[in-house]
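First the proteins, then the strands, lettered A, B, ... as listed; each starts at 1.
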2 protein chains.
Amino acid sequence: MNIAEVARKYDLTQDTLRYYEKIGLIPPVNRTSGGTRDYNEHDCGWVDFIKCMRSAGVQIEALAEYVRLCQLGDSTIGERKEILMRERRRIADQIAEMQGTLNRLDAKIEHYARDIVPAQRELFASSVSEHTHAQ
Amino acid sequence: MNIAEVARKYDLTQDTLRYYEKIGLIPPVNRTSGGTRDYNEHDCGWVDFIKCMRSAGVQIEALAEYVRLCQLGDSTIGERKEILMRERRRIADQIAEMQGTLNRLDAKIEHYARDIVPAQRELFASSVSEHTHAQ
DNA sequence: CGCGGATTTGGTGTCAACTCCAGATGCTAA
DNA sequence: TTAGCATCTGGAGTTGACACCAAATCCGCG
């Protein structure tokens, strides 16, 4: 697969693919004799994995370190697992936080939904806050 | 409340508070006669709300638009609700995506956990991929 | 009132994560 | 073989979201 196909497949730009490789976010990609990138299945697997992690907000730094360790052989398995577990925890925390925000938003939306319609609202007139901080 | 207290309370820098106000992420804050910011409860409510939304990844642009509409009065209630619902959906989508990533990470971690220990691994020697793309 | 620390503004700096560019080289089809 | 489009590299530019700074102003206290 050439870089254009991979870019289409994973919805990334060619620049981003080259950038990820340059900074070590994916290991060096397979090349043709002429030097152009020719992604094999292994390379695609990495792109897929990294894209998934990135879009979940995993830091580039952590991923680059993970990739580096992968290239160093089996002695780094422990460290790799550490990284994955650390990022796993980070994501879980963030999900929890977002869930809280979601609830808060729901309350606010709910409020707007069954709230006093504009016409009735006039009665309250100069009330300072026309929005409500449903906590 | 002066800006220092608010910054401490919400774990933001004074610069960030001023920045948020400057770009319209929170409405203009109450001031003393001399011109220094003097946050009242209303202002604090906004800071709290915005901080929550921001740390869940809601775009500054959407929030600024919401704040702008809030300042325009009741005729914008419909639009405001639209924005909140749109962002709600975005967050829900992102949670779902992150949940997927979490599962994928779990599979990988699990793999590392009960995987062949280094010693045994030697048997497989030159295997190309010492990492595994558990899909 | 005077002083020192807090706060103000406008502006510049920083950092991550791309994104774009130019000039050179590779690849493919006629 | 060659025209023309794709891809290459190194480096510069962009964007979002702040962080930092200097010089001026404010505020509380003795």
Presence of Thr32(A) side-chain N/O under 4.0 Å of dG26(C) phosphate oxygens OP1/OP2: no
Nearest-Å distance for atom pair CD1/P, residues Ile50(B) and dA17(D): 12 Å
dC18(C) base / Asp15(A) side chain donor-acceptor hit below 3.5 Å: no
Nearest-angstrom distance from the residue atom OH of Tyr19(B) to P of dC21(D): 19 Å
Minimum-distance nucleotide (side-chain atoms of Arg31(A) versus dG10(C), dT9(D), dT7(D)): dT9(D)
5' precedence on DNA chain C between Gln14(B) and Arg18(A) (nearest-nucleotide basis): Gln14(B)
Whole-Å distance separating the CG atom of Leu25(A) from the P atom of dA16(C): 13 Å
Nucleotide nearest Ile3(A) (side chain, heavy atoms from C-beta), chosen from dC8(D), dA19(D), dT7(C): dC8(D)
Nucleotide nearest Ala4(A) when distance is taken to its side chain, options dA19(D), dT7(D), dA17(D): dT7(D)
Check ion pair Arg104(B)-Asp48(A) (N to O, under 4.0 angstrom): yes
Ring geometry between Phe49(A) and Tyr66(A) (parallel below 30°, tilted from 30 to 60°, perpendicular above 60°): tilted
Sugar-phosphate only, base, or nothing, as touched by Ile60(B) at under 4.0 Å among non-hydrogen atoms: sugar-phosphate
Sugar-phosphate, base or nothing in reach of Arg37(A), heavy atoms under 4.0 Å: sugar-phosphate
Which residue lies more 5' along DNA chain D, comparing Gly34(B) with Arg54(B) via nearest heavy atoms: Arg54(B)
Carboxylate-amine/guanidinium contact Arg68(A) Glu65(A), below 4.0 Å: yes
Spacing of Asn30(A) atom CG relative to dT7(D) atom P, expressed in whole Å: 15 Å
Nearest-nucleotide comparison on DNA chain C, the residue closer to the 5′ end among Asn2(B) and Tyr20(A): Asn2(B)
Whole-Å distance separating the CG atom of Asp11(B) from the C1' atom of dC18(D): 14 Å
Candidate nucleotides dA17(D), dG10(C), dT9(C), ranked by approach to the side chain of Lys22(B) - the nearest: dG10(C)
Crowding at CE, Met1(B) (>12 non-hydrogen neighbours, <6.0 Å): yes
Donor-acceptor under 3.5 Å (Asp38(A) side chain, Asn30(A) main chain): no
Out of dC18(D), dG10(C), dT7(D), whichever nucleotide has its closest atom nearest the side chain of Thr36(A): dT7(D)
Between P of dA6(C) and CG of Leu17(B), the distance in whole Å: 17 Å
Ser33(B) side chain, from C-beta outward: closest of dT9(D), dA19(D), dC27(D): dC27(D)
Thr16(B), nearest nucleotide to its side chain (from dA19(D), dT9(C), dA17(D)): dA19(D)
Nucleotide dG10(D), atom P - distance to CD of Glu21(A) in whole Å: 12 Å
Distance in angstrom units between Glu61(A) CD and dC15(C) C1', rounded: 12 Å
Glu21(B) with Arg18(B): basic N within carboxylate O range, under 4.0 Å: no
